[in-house]
Amino acid sequence: MSACVPTRTSDSPHTERVHPPHSPPRAPHRRFRLAGADVSASIAVFLIALPLSLGIALATGAPLQAGLVAAAVGGLVAGRLGGSPLQVSGPAAGLTVVTADLIHRYGWRTTCAITVLAGLVQLGLGCLRVARSALAVSPAIVHGMLAGIGVTIAVAQMHIVLGGSPQSAVLDNLRSLPAQLADLHPAAVAVSALTLILLLLWPRLPGRAGRLLRKVPAALVAVTGATATAVFAGLTQPRVELPSWSSHALAGLPEGPVLGLVAAVLTVTLVCSVQSLLGAVAVDKLIAARPGLTAQVSRSDLDRELLGQGATNVVSGALGGLPVAGVAVRSAANVQAGAVSRNSTMLHGVLVVVAALLMVPVLELIPLASLAALVMAVGIQMVSLHHIRTVTRHREVPVYAITTLGVVFLGVLEGVTLGIAVAVAVSMHRLARTRITHDEKEGVHHVHVRGQLTFLAVPRLSRALHHVPHGSCVVVELDGSFMDHAAYETLQDWQRTHTAQGGSVELTGRRAATGTDADAGIGSGSGSGSGSEGVVPASSTVQTVTPVNGTADSPLAGCRCRPWTPWRNHQCDAPPPEAPHGGPAAEHRAEPPNDPSDAEPDGRTSAVLPQVAESAVASGPARSAAASAPEPAEPAEPSERVRQTDTTGPGERTESIGAASAAAATGSGPSGRQLVRGISAFQRNTAPLVRGELARLAREGQQPSQLFLTCADSRLVTSMITSSGPGDLFVVRNVGNLVPPPGEESGDDSVAAAIEYAVDVLKVRSITVCGHSGCGAMQALFDAEPGGVQTPLKRWLRHGLPSLERMADPGRPWARLAGRAAADSVEQLCLTNVVEQLDHLRAYASVSRALRAGELELHGMFFHVGEAQAYLLSEAGEGRGEVFDHVGVADLSA
């Protein structure tokens, strides 16, 4: 190792962070640690879970202690064994209707046995690793199921709020509601109204005091306030009754018809599993929104989560508890309260056990009307307006409505079954419904296909294409998500005939995507007609080549990319060689080729241009191999006009086909074709959108507000990570985002000139030095050996030697990331280099003068490429060094 490698003495304050270069930090000693954030989060979740558990038990008609048992077991067992570390499990409102119906039919002890059996089924499903299959259920069905359960809960609890008793069926509750309204109990109504008022107004308290008070859960405040009012006012009404634990009923042998019990077990399994798995996915999204938490908490393991929920239901049912599932309200509260591990969930379970054993006298003061009002509010919230707007936007209102009504009037399993049937029917209707129109505008014929282009629409498509005159210009718009083999063959045959007769054809789509060639992802899986019908997307803007002389070349298969490739880098592997004229190698290829030329025996290549433009943007299983191999053709003439659409993303280095005819004629390589393709995409799609803004900038000149000095790494897209537009940033890139100290005689005046021009001429208000993770320049600097041949790279990297010296200086504290140390020595050097280059900047006369005048600010920035996380440098105070703080969603409100 060179003498430049940083070293630490034994008395250095950073000794504990020393480890071999480029290796992760040493693993901490395995011992139980309880973070303060987990303790505070567990208390917040406990205060929410306690009243809700009692209220859900009341709503189901189960012993009230069963709710406490389920909450405790959910916290301890699911918290320890589940695959979602921050999801909180317990008795869920979504299970209220199911459990109430089971208790009414089979009794409490058989219901506990059904819960145990459902847990065993969940364990079996978890072992089979089918958890992801639950996510295939349409969100409209899930939202409809929850809405139906919410309506059922609200209608039933309305009777207790008014002072009466609910019936077992929704229709019975609706019929008896007028009589209940005529026979109100003032004490119950008053307590319920106070609970609802506190529940509604507490989260809306204004001011600084309101922000502090809102940290106390509204559910706890509402129940506590109503209980205190009822006690001090001396209101006489039913209250919570917790019998002795010695008389608590445990699970018994199931009794009842076998088919009924099987249906009950499947229903509990379905509702528990779907709600828990969807809850785990939602918790992952909440974790991703918290800066820094993603690095500490792993993503949910859905199969493990299903196993954990199964074990929880087995234990809960055996101990006489309610069925358990992941609960969205408690999970969201756990994440928002700052939990960092599964310890918060488990500690909340311990607190529930303590409350169940030691707080019985306090719990027995709670009026039943207050709990009923709380659960009724939860049921009303389950009918989410956001969900209704979502399903309306996606045209799935029939699925949502049928599922909701089915759950309300028939039951959960029946309602979900109806919802699935309606969802399948809606999907089939959309697949079969295709609208094809033909009109003429300014001599150009437009054939617009709305919907999926399948064999069912082929007769209408042929009729519309038949009405297009020979030799005319035609634009075919494919406004759908895919086409099948029959529709593709129809379009291909017609396009070949039409262009042979002197016409031109352009195929476009609804949204821009990666332009590729003809057979990409279209047609059957083999050229011999193996029956493997391909499905292709028809909603992407595609590449077409319109020969001026009216001839058409053979189609060429291209890469198959995903829908996000207009932004995302897409890598398309080169295909194996093909046999000429569609031989066996072409018939049985698994992937479409990626090279726009066919090798001839003499080693020369001849360009092959597509005659039918297709899209290669296929999502998921809707992608297939090309139907047949392209046939060689003569080199394209420069007079041919190329129309294509593509965009490139960060780090784009692919060699996808789609070359312009000019590039093919001049023999350009893949890089030249890619350049022309990108320029063509800009001219076609982006230029019309930005032409006005660029024209304004051309008239007014550049007036950037920032000088952004960053690395030449291709993965750093400055306009994207800063949300900037044209003219906002004056960007200087170099290897390692280095700022040579002023006055050095080395011919490195380019950066100095840019700094002087930006500060003195452009009058920028800030300068940002941005480093990044995985910097190759810092790696080279770290590994450099002293002496040797002075290459241009070594001469340039000498400006980074002060960063190495700064890092090795034991008297200077290390720069660090908020919440964690650097992953390895190279990342530490990247952070230190940003701080050092800022010091170099301050030495420039123009910068120093602007800083003294208060006209300029300097910023240090670090971008972690793998995490897509930005950090800004902030001074942490004397002795603590520089800290790079997170920049995330939470900072947008500042």
Side-chain angles (χ1 to χ4, degrees), residues 32-58 62-82 85-92 215-228 231 239-250 308 311-313 315-327 329-331 333-334 337-368 370-371 374:
F32 178 75
R33 291 184 178 180
L34 189 61
D38 285 333
V39 175
S40 59
S42 66
I43 295 175
V45 175
F46 161 72
L47 296 177
I48 295 174
L50 188 64
L52 280 177
S53 300
L54 292 173
I56 291 172
L58 172 67
L64 297 184
Q65 288 171 320
L68 300 177
V69 171
V73 173
L76 293 171
V77 180
R80 181 64 186 88
L81 303 179
L86 300 189
Q87 176 162 253
V88 182
S89 299
K215 294 182 178 180
V216 182
L220 178 67
V221 173
V223 174
T224 302
T227 301
V231 170
R239 302 179 187 273
V240 169
E241 294 182 7
L242 293 174
S244 172
W245 285 103
S246 59
S247 61
H248 179 64
L250 303 179
T312 304
N313 276 312
V315 176
S316 178
L319 296 180
L322 292 170
V324 174
V327 186
V329 176
R330 284 169 239 182
S331 301
N334 192 36
V340 295
S341 72
R342 62 177 71 245
N343 292 334
S344 63
T345 303
M346 298 173 63
L347 184 56
H348 128 269
V350 173
L351 295 177
V352 172
V353 173
V354 173
L357 296 177
L358 302 181
M359 295 178 59
V360 172
V362 177
L363 298 178
E364 289 182 338
L365 296 176
I366 301 176
L368 295 182
S370 178
L371 293 179
L374 175 64

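Because only heavy atoms are used, hydrogens play no part in the values below, and waters and symmetry mates are left out as well, while side chains stay in.
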Kindly write out the residues that satisfy side chain to side chain contact (heavy atoms under 4.5 Å, CB included) with [X], not counting sequence neighbours, or none if the list is empty.
{"X": "Val362", "value": "none"}
{"X": "Val327", "value": "Ala92, Arg330"}
{"X": "Leu319", "value": "Val69, Val73, Val315"}

Next on the checklist: Can you give me the closest heavy-atom contact between Leu351 and Phe46, atom names plus distance?
Outcome noted: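 Between these two residues, the closest heavy atoms are O-CE1, 3.5 Å.
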Item to check | Closest contact, heavy atoms only, Gly320 versus Ala66 | outcome: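 Nearest pair, atom of Gly320 first, then Ala66: O-CB, 3.5 Å.
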Checklist entry - Passes side chain to side chain contact (heavy atoms under 4.5 Å, CB included), Val324 versus Val77? Steps please. => result CA-CA 11 Å; Val324 174; Val77 180; over 6 Å; no
Measuring from atom [atom1] of [X] to atom [atom2] of [Y], what distance do you get when rounded to the nearest 0.5 angstrom?
{"X": "Leu363", "Y": "Leu64", "atom1": "CG", "atom2": "CG", "result": "9.5 Å"}
{"X": "Leu76", "Y": "Thr345", "atom1": "CG", "atom2": "OG1", "result": "10.0 Å"}
{"X": "Met346", "Y": "Leu81", "atom1": "CE", "atom2": "CG", "result": "8.5 Å"}

Which pairs would a plain distance check flag for residues 48-58, meaning a side-chain donor or acceptor within less than 3.5 Å of a matching protein atom at least two apart in sequence or in another chain?
from	atom 1	to	atom 2	distance (Å)
Ser53	OG	Ala49	O	2.7

Any sub-3.5 Å donor-acceptor pair from [X]'s side-chain atoms to [Y]'s backbone N or O?
{"X": "Asn334", "Y": "Gln87", "answer": "no"}
{"X": "Ser331", "Y": "Val88", "answer": "yes"}
{"X": "Ser316", "Y": "Thr312", "answer": "no"}

Are [X] and [Y] close enough that some pair of their side-chain heavy atoms sits under 4.5 Å apart?
{"X": "Ser344", "Y": "Val45", "answer": "no"}
{"X": "Asn343", "Y": "Leu347", "answer": "no"}
{"X": "Arg239", "Y": "Val231", "answer": "yes"}

Next on the checklist: Going by side-chain hydrogen bond (donor to acceptor under 3.5 Å, both in side chains), name the residues that satisfy it together with Ser89, two or more places apart in sequence or in a different chain.
Outcome noted: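 Only Gln309 meet the side-chain hydrogen bond (donor to acceptor under 3.5 Å, both in side chains) criterion with Ser89.
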Checklist entry - With Ser370, which residues qualify under side-chain hydrogen bond (donor to acceptor under 3.5 Å, both in side chains), at least two apart? => result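 Residues passing side-chain hydrogen bond (donor to acceptor under 3.5 Å, both in side chains) with Ser370: Thr195.
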